[in-house]
Student: 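For reference, the structure I am asking about is given below.
What you are looking at is a predicted structure, and each value in this text was computed from that prediction instead of being measured. Below, chains carry the letters A, B, ... as their sequence lines are ordered, and counting in each starts from 1.
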Protein chains: 2
Amino acid sequence: MSQQRINRRWLYVQRPAHESTAEHYQLDETTPAPTPADGELLIQAVWFSVDPYMRIQQSSFRTWEAPHPLNTVQGGGVVGVVVESRSPAFAPGDYVSAYTGWQLYATVAASAVRKLNPKDAPIEYSLGVLGMPGRTAYFGLLDAGKPKAGETVVVSAASGAVGLLVAQIAKIQKCRVVGIAGGQEKCNYLKSLGLDEVIDYKALPRSKDDVDYDAILAALKQACPQGVDIYFDNVGGTTTDAVFNLINLRARVIICGQITQYNGKLDSVEMGPRFLHRLIYTRATIQGILARDYVDRMDEMLPVMIDWLNSGKLKYEQTVVDGFEQLPSALNALFHGKNVGKMLVRA
Amino acid sequence: MSQQRINRRWLYVQRPAHESTAEHYQLDETTPAPTPADGELLIQAVWFSVDPYMRIQQSSFRTWEAPHPLNTVQGGGVVGVVVESRSPAFAPGDYVSAYTGWQLYATVAASAVRKLNPKDAPIEYSLGVLGMPGRTAYFGLLDAGKPKAGETVVVSAASGAVGLLVAQIAKIQKCRVVGIAGGQEKCNYLKSLGLDEVIDYKALPRSKDDVDYDAILAALKQACPQGVDIYFDNVGGTTTDAVFNLINLRARVIICGQITQYNGKLDSVEMGPRFLHRLIYTRATIQGILARDYVDRMDEMLPVMIDWLNSGKLKYEQTVVDGFEQLPSALNALFHGKNVGKMLVRA
C-alpha cells in the first residue's frame, strides 16, 4: 500500500546569494508517498541527476521559465522503478526516466516518462549520455555548431557532463579539439581520449575569482595556432572573453553554459570587455542552446550514441555520490569541479 | 593629357586615439594624376563616400583586414566619370562607381568598377541605397534577420545610412518597428516614415559618455511591450546592453555596427555587463554582418530596391557636404550624428 510509505523530499527553501549549499534546502521525511491516479505511476527513484542549470533556476528573474518556487521539491531528472502502475503500458519493476525531482517517491503521468531497457545500456545513462546532457552535446555541436573536418573546436569545461561528450564527438567529426579543464588529472584523462590540446586552467594565474585573462589568452593562442572555428562554451567569464580574440571567419560560438556566472553573477551582473565588434570582422555567430529544444529528436540521436558507446568511439564517465541525503552537497560540488563527466546521486 | 592634371589626395597620416579629425589627414596637391595602363580607366571622382567603418580601419589591430596603412590615400567608395579609357567597355563620360578613395583622379581596372546609368537612379545612389549601405540593410535584415510579419524589430541609429533603410524595409515586411535616433527632428522624420515607436536617445540622461542604461532600458520596455524579436544594431554600448534584457525566444541580433565604440574603445576596450547567459534562456542568435559578403547578390537586390524607391515605399535620404577639402570633417561629423541617411561629399 503506497499510503504507508513515508517519502523523503529535499525542499528548496531559500534563495542563495552565492553558492547553493545544504542550507538552502530542507529535508522532509514526514510526508506519506502519494497515491497514483488513473493513468499514473508511483515510482521510486534510484538515481538522481544534479546539474548546473539548477543553480540558474535559483536566480531571481525569469530565465527559460519562472524562478524555481521556494518550499517545493527541487526539480530534476531521475531514474526510478515503477512501484505501482495505473497504466496498462507499465508494470511494477519497470525502469523509467522521469522529471520528478529530489524525492524518493513520486506519482507521474505514464505519458510523461520514458521506459528504459536495462539491456540497452545502464539505466542511469538516461540521465547522461543518453539523456539531457547527451542531446545537449550531440545537437549543440552537430546542429548548432556544424563542425567540419579539420576545424578547430574549443570546449570549455571539457571534463564535465556535456563537455566530455562534445570533445569526443568533435574528434569523431575529425576536428582538431582543444579542451579546457581544471587539474592535471582531468587534463591527462582528456589527452588519453585523443584531444589534440588540453589547457589546465587551474595551472594558470587567477585574477579576482576567474582565470586571468592574459594567461588564458596566451594558452589559447598556443593551443589554437589556426584560430578557433567552433567554441562550445560551458563556462563564460574571462575564458570566453579570451576566445573572442581568436575566432575565425564565420566561427560558431555555442553558448551551452556560463557556470562562472551562476553563483551570484546572474543577479549581480559582472562586467566584462565588450566584444561584439569582433563579430563584424569575422561574421561569426553566437547561439544559445537548451536541451529541451531537441527532445523531439531523441530517436535520431540514441542509435548513433549507443553505437559510438558500443564501438568504444565514445567513452562515458560518471561521478556517483551515494546517499539521498547528499543531494544538496553534490549540487554544490559541481561548482568546485569535483565531477568528471556526469554527476549522479544514488539513493 | 592626363599627365598634366594635378591630383588632389587626402592622405591618412596619423592614427587617432579618439575621434578622427582633419589633423589625422594631410591634403596633397602636388602629385600629377596617374596614367591608365591597358585595361584601365582614369576616372575623376564626383561623389565621395564617408562611412563609419573608416574609423574601424584606423584601429591598431587586424579587423576584417589589416589596419589602414599610414601615408596612403584614405580608402573609400566614389562615383566618378571616366576621363580616359583603355578598355573597350567604357568611354569617356561614362559614370562608374569604384573604390578609389579620397582622391580626385585615380586609375582603376575596368573590371573593378560598375557602370552606372543615370536614367536608372541618381548616380550617387550607388554609394547608398543602391550600393554598400543598401545591401548591408537589405541582406542584413532579410537574410540574417529573417523578419516575420508582426515581429518587433528594433533598429539603433535608425536615421543613419543603413538604419533608415532597415527600418523601412522592416515596415515593408509588416513588422512592428522601433527606431532609436538622436534628436526630435530625426525622430519626427522617422515617425513620418511610419515607424511604430521612436526613441530619442538624446532626450534621455547620459552616464559617462553613453546613454544611461536604466533610462534606455525603460524607454525600450515601453516601446516594446511584446519584447524584441530582431535587433539590428549599429551602435553597441549601453543601448545594446539594454536590448539584451528584452530579447524574445529565438530572437536574432544583427551586429552591423558598434559606432559607440569606434572612437578609441576598440583599442582601449570598454567594459559592459555580461549577457551571454541570456542566450541560453532565449536560444537567441547574434550574428555579425559585413557588406562585402553580399556583393555577389547585388543583381538580386537592385530591382527590388529600385522598385521600392520608384513606388514610394522606400524613402531615401542623403546629407551632402560640398567640397573635396571637407572630407575629414565630414567623416568626423558622422560621429556627432550630423547626418540623416547617407553622408556624401561632392567634389
Side-chain angles (χ1 to χ4, degrees), chain A residues 52-53 56-57 59 61-65 136 140 144 210 213 231 233-238 240-241 244-245 247 249-262 265-266 268-294, chain B residues 52-53 56-57 59 61-65 136 140 144 210 213 231 233-238 240-241 244-245 247 249-262 265-266 268-294:
Chain A
Y53 77 79
I56 298 179
Q57 294 174 319
S59 62
F61 58 92
R62 186 177 178 84
T63 57
W64 54 80
E65 61 195 6
T136 305
D210 204 340
Y213 173 82
Y231 175 45
D233 187 19
N234 296 301
V235 305
T238 49
T240 301
D241 297 337
F244 275 109
N245 289 277
I247 53 173
L249 190 67
R250 300 190 211 294
R252 287 82 74 200
V253 175
I254 312 298
I255 306 296
C256 172
Q258 298 278 284
I259 199 170
T260 62
Q261 307 299 300
Y262 296 169
K265 296 176 183 174
L266 300 181
S268 296
V269 176
E270 189 177 65
M271 303 290 270
R274 297 193 185 282
F275 57 81
L276 289 174
H277 61 99
R278 295 189 185 279
L279 301 190
I280 303 171
Y281 318 148
T282 56
R283 283 81 89 197
T285 55
I286 312 176
Q287 180 177 348
I289 61 165
L290 197 65
R292 63 178 59 183
D293 288 350
Y294 303 107
Chain B
Y53 78 79
I56 298 179
Q57 295 174 319
S59 62
F61 58 92
R62 185 177 179 84
T63 57
W64 54 80
E65 61 195 8
T136 305
D210 204 340
Y213 173 82
Y231 175 45
D233 187 19
N234 294 303
V235 305
T238 49
T240 301
D241 297 336
F244 274 109
N245 289 276
I247 53 173
L249 190 68
R250 300 190 211 292
R252 287 82 73 199
V253 175
I254 313 299
I255 306 296
C256 172
Q258 299 278 284
I259 199 169
T260 62
Q261 307 299 300
Y262 296 170
K265 296 176 183 175
L266 300 181
S268 297
V269 176
E270 189 177 64
M271 302 291 270
R274 297 193 185 282
F275 58 80
L276 289 175
H277 60 100
R278 295 188 184 280
L279 301 190
I280 303 172
Y281 318 148
T282 56
R283 283 81 90 197
T285 55
I286 312 175
Q287 180 176 347
I289 61 165
L290 197 65
R292 63 178 61 181
D293 288 350
Y294 303 108

Student: Output all residues satisfying side chain to side chain contact (heavy atoms under 4.5 Å, CB included) with A:A251, sequence neighbours left out; order by chain, then residue number.
Tutor: A:I247, A:A284
Student: What distance do B:R252 atom CZ and A:Q287 atom CD have between them, rounded to the nearest 0.5 Å?
Tutor: 12.0 Å
Student: Rounded to the nearest 0.5 Å, how far apart are CD1 of A:I280 and CD1 of B:I254?
Tutor: 11.5 Å
Student: Looking at OG1 of B:T285 and CD1 of A:I289, how far apart are the two atoms once the value is rounded to the nearest 0.5 Å?
Tutor: 13.5 Å
Student: Heavy-atom cut-off 4.5 Å, strictly under: side chain, backbone, both or neither for A:Y53 against chain B?
Tutor: neither
Student: Between B:H277 and A:T63, does a side chain to side chain contact (heavy atoms under 4.5 Å, CB included) hold up when you go through it step by step?
Tutor: CA-CA 9 Å; B:H277 60 100; A:T63 57; over 6 Å; no
Student: Using the side chain to side chain contact (heavy atoms under 4.5 Å, CB included) criterion, which residues pair with B:D210? Sequence neighbours excluded.
Tutor: B:T238, B:T260
Student: To the nearest 0.5 Å, what is the distance between CG (A:D233) and CG (B:L279)?
Tutor: 10.5 Å
Student: Mind ranking B:Y262, B:F275, B:W64, B:Y281 by heavy-atom pairs under 4.5 Å with chain A and telling me who comes out on top?
Tutor: B:Y281
Student: Where does A:L276 contact chain B at under 4.5 Å (heavy atoms): side chain, backbone, both or neither?
Tutor: both
Student: Could you look at A:Q261 and say if it's the side chain, the backbone, both or neither that has a heavy atom under 4.5 Å from chain B?
Tutor: side chain
Student: Can you tell me which of A:A144, A:G236, A:G237 forms the most heavy-atom pairs within a distance under 4.5 Å of chain B?
Tutor: A:G237
Student: May I ask you to name which of A:V269, A:I255, A:T282 has the most heavy-atom pairs under 4.5 Å with chain B?
Tutor: A:I255
Student: What part of A:L249 lies closer than 4.5 angstrom to a heavy atom of chain B: side chain, backbone, both or neither?
Tutor: neither
Student: So do the side chains of A:E270 and B:P273 get within less than 4.5 Å of each other, counting heavy atoms only?
Tutor: no
Student: Quick one: what part of A:T240 sits under 4.5 Å from any heavy atom of chain B, side chain, backbone, both or neither?
Tutor: side chain
Student: Is the terminal nitrogen or CZ of B:R283 (NZ for Lys, CZ for Arg) located under 6.0 angstrom from the six-membered ring centre of A:Y294 and within 45° of that ring's axis?
Tutor: no
Student: Based on non-hydrogen pairs under 4.5 Å, which of B:R278, B:Q258, B:M271 is most in contact with chain A?
Tutor: B:M271
